[in-house]
There are 2 protein chains.
Amino acid sequence: MKNSQLYKGSLNTIIMKLLEEKGRMYGYEITQKVKEITKGDLHITEGALYPALHKLEAEGLLEVEVERVDNRLRKYYKLTEKGTTETVNRLAELEDFIKNMQSIVNPKLSY
Amino acid sequence: MKNSQLYKGSLNTIIMKLLEEKGRMYGYEITQKVKEITKGDLHITEGALYPALHKLEAEGLLEVEVERVDNRLRKYYKLTEKGTTETVNRLAELEDFIKNMQSIVNPKLSY
DNA sequence: AAACATACATAAAATTCTTATACATTGGAT
DNA sequence: ATCCAATGTATAAGAATTTTATGTATGTTT
């Protein structure tokens, strides 16, 4: 990930949310989608992405389907049942996190 | 910090924002203030806090004033001029970060 | 022919945080 | 009187995540 330190720790949640929405995605597609959504602010690097995907798979949250498209390898990831359940929790945590960070940035609004 | 991984990378920004607002604070006070603001969600541990404060000081973003209160040592931290300037940048980054994360969580709103 | 985009991967190093421990004072409860 | 909780700072070992750099290979554009 590029730029701000703030994105540290949010990669797994981002991956899981995108997969929840799209059904299945491959690694490179995830990087492009995130770049698009954040208008270029967030560039997920391969060095961060692939180990993260492999770990989520090892934890049983994702499963992979390998396909060959245009003679190039693609690994499509999708949420397992366990992963889907866990995504609900992670998104709830994310919403709390965002609220908390907003309370810190803008304490005037907490009346 | 306790619970969610999401807070990783946000500690420095939290510290700087609180100092910008309060003028000066000591470590323990920061932990209590954050606990209060987040209604107990975020517990900043000493093992994370003190190294972070020392590093910000080493970078010239914070300066320290040692005082003895009730025979207990207190180290009050405040932003340097450099730190104040940098805080503006960090808060802008935080706002972008929050917006980006909201775009990811709630893509429907991005029409 | 070179450069760029697509597509995956790993390994060393840096960074940040968790967990555990340490020391010292004050105040309240047993 | 003694113990425990709260206040206050600190460090060190280890874990986890990310950065940076590198590698492989194909397809497309200039």
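Within every chain, numbering begins at 1; the chains are lettered A, B, ... in the order of the sequence lines, protein sequences first and strands thereafter.
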Query raised in the report: When you check the gap from the basic side-chain N to the acidic O, do B:K55 and B:E59 get nearer than 4.0 Å?
Result: yes

Requested in this report: Give the nucleotide from the list C:dT19, C:dC8, C:dT16 with an atom nearest to the side chain of B:T45.
Outcome: C:dT19

Requested in this report: Report which part of the nucleic acid A:E46 touches: base, sugar-phosphate, or nothing (heavy-atom distance under 4.0 Å, all strands).
Outcome: base

Query raised in the report: Within less than 4.0 Å of OP1 or OP2 of C:dA9, is there a side-chain N or O belonging to A:Y50?
Result: no

Query raised in the report: In this structure, are over 12 heavy atoms from other groups packed under 6.0 Å from B:E81 atom CD?
Result: no

Query - OP1 or OP2 of D:dT11 under 4.0 Å from side-chain N/O of B:H54 - result: yes

Report summary line: Taking every heavy atom of A:I14 against every heavy atom of A:V34, the minimum-distance pair comes out as CG2-CG2, 3.8 Å

Query raised in the report: Atom NE2 of B:H43 and atom C1' of C:dC17: how far apart are they, to the nearest Å?
Result: 13 Å

Query raised in the report: Quick one: B:L53 CG to D:dT9 P, roughly how many Å, whole number?
Result: 9 Å

Report task. May I ask you to evaluate whether B:Y26 reaches the phosphate of D:dG8, defined as a side-chain N or O under 4.0 Å from OP1 or OP2? Result -> yes

Report task. Would you mind reading off the distance between B:K55 atom NZ and C:dC17 atom C1', rounded to a whole angstrom? Result -> 13 Å

Report summary line: Between A:R24 and the options A:E63, A:E29, A:E65, the side chain to side chain contact (heavy atoms under 4.5 Å, CB included) test singles out A:E65

Query raised in the report: Across the strands shown, which category fits B:G27 at heavy-atom distances under 4.0 angstrom: base, sugar-phosphate, nothing?
Result: sugar-phosphate

Requested in this report: Would you mind reading off the distance between B:R74 atom CZ and C:dT25 atom P, rounded to a whole angstrom?
Outcome: 16 Å

Query raised in the report: Taking CD1 from A:I44 and C1' from D:dT17, how many angstroms apart are they, rounded to a whole number?
Result: 13 Å

Report summary line: Assert: residue with more 5' nearest nucleotide on DNA chain C, out of A:D70 and A:G47, is A:D70

Requested in this report: Would you classify A:R72 as touching base, sugar-phosphate or nothing, given that sugar-phosphate means primed atoms plus P, OP1 and OP2, and contacts are heavy atoms under 4.0 Å?
Outcome: base

Requested in this report: Identify which nucleotide among C:dT26, D:dG27, C:dT15 has an atom closest to any side-chain atom of A:N71, counting heavy atoms from C-beta outward.
Outcome: D:dG27

Report task. Please state how far atom CG in B:L49 lies from atom P in C:dC17, giving the value in whole angstrom units. Result -> 10 Å

Report task. Measure from CD on B:E57 to C1' on D:dT9 and round the result to the nearest Å. Result -> 13 Å

**Report entry** Salt bridge flag under 4.0 Å for residues A:K17 and A:E20
**Finding:** yes

Report task. Look at B:Q5 and D:dT17 and indicate whether a side-chain polar atom (N or O) is within less than 4.0 Å of OP1 or OP2. Result -> yes

Query raised in the report: For C:dA9, does either OP1 or OP2 sit under 4.0 Å from a side-chain N or O belonging to A:K75?
Result: yes

Query raised in the report: Between B:L73 (CG) and C:dT25 (P), how many Å, whole number?
Result: 12 Å

